[in-house]
Amino acid sequence: MQVCYTINELLSAVDKFKQEGKTIGLLPTMGALHQGHLSLARRAKEENDVLICSVFVNPIQFNNKEDLEKYPRDLESDIRMLEEIGCDVVFAPSAEEVYAEKPTIAYDFGALEQVLEGPCRPGHFNGVATIVHRLFNWSKADRAYFGEKDYQQIAIVKDLVRQYSIPIRIVECPVYRDEDGLATSSRNKRLSEQARKIAPKIHEILAKSKKMSTTLSCSQIKSFVESEFNMRKEFKLEYFEIVDAVTLQPIKQTSVKGAVGCVAVWLDGVRLIDIQKY
Ligand code: PAF
């Protein structure tokens, strides 16, 4: 496995793969890898000749300085894990390397970015689109892999690909959960032992709402989920919204069939997100 720290190193590796006629799978990450990342990496490795995994904590997608500073980082362990699963290239550049060329594009994702995470994290999706666009160009990947926990991110990335005619397939992968149901996330590492025990409640509440969705209306489900979080003092609910699976616009009709419930909730000073498909 090759570890590239510069764009030129990555470009040379990619050129070689392309000359050999190999297909490339890209897994963009911010590191602090967990089993969820590794399941995506394994799938990408299976479906492509080579796997490139980027490990880069992208400063311009954080609208909160403290969140950026506290974001877990462990490149050595990331490299070890990726080597074990047969990754071909790890791209681990510095921010100076990535942004030597200053970002110039102001992306516009219209209504897609005006809901859910958008209003809570101003500038976040512009930052995500900037890095993802660059990674797509540098890696010349055939397929890129994203987890559905970040449901809105996938919609934004698909729109990026459409708007800029980028020749890449976006592969959406189901949420990977720990045995107790908690969606895997690098942020889980920041939870205290006590909070980690409570965290599976997030999925539990959402799963319960799915069971109720055959008999309850959309607004009843919303009220149920909101009250479940609000009655537990450990949680601070930022939003729970039931949205159309494609447009991400809040569902107004009574039936939630085919919709997605998206939640952002604070626990122990850590912001966690999760989804429930109905
Ligand atoms: O989902 C993430 O980890 C990040 O948003 C991504 C896609 C790697 C871009 O920095």
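Counting begins at 1 with the first residue of the sequence. What you see below is based on every heavy atom in this structure, not just the backbone, and it leaves out hydrogens, waters and symmetry mates. As the structure lists them, so they are numbered: ligands from 1, and atoms in each ligand from 1.
When each of Lys18, Arg169, Lys22 is tested with Asp142 by the rule salt bridge (Lys or Arg N to Asp or Glu O under 4.0 Å), just one qualifies, namely Lys18. Residue Asp274 is tested with Lys201, Arg177, Lys149 for a salt bridge (Lys or Arg N to Asp or Glu O under 4.0 Å); the sole match is Arg177. Paired with Phe235 under the rule ring-ring contact (aromatic ring centres under 6.0 Å, His included), one option of Phe229, Trp266, Phe240 passes, and it is Phe229.
Of the possible donor and acceptor atoms, one in the side chain of Lys189 sits under 3.5 Å from a partner among the backbone N and O of Ala32.
A 6.0 Å sphere centred on CD of Glu66 holds no more than 12 heavy atoms belonging to other residues, nucleotides or ligands. Surrounding NZ of Lys208 are at most 12 heavy atoms belonging to other residues, nucleotides or ligands under 6.0 Å away.
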Pairs of nitrogen or oxygen atoms, one from ligand 1 and one from the protein, closer than 3.5 Å: please tabulate them with distances.
from: ligand 1; atom 1: 1 (O); to: Gln153; atom 2: NE2; distance (Å): 2.8
from: ligand 1; atom 1: 5 (O); to: Gln61; atom 2: NE2; distance (Å): 2.9
from: ligand 1; atom 1: 5 (O); to: Gln153; atom 2: OE1; distance (Å): 2.7
from: ligand 1; atom 1: 10 (O); to: Gln61; atom 2: OE1; distance (Å): 2.6

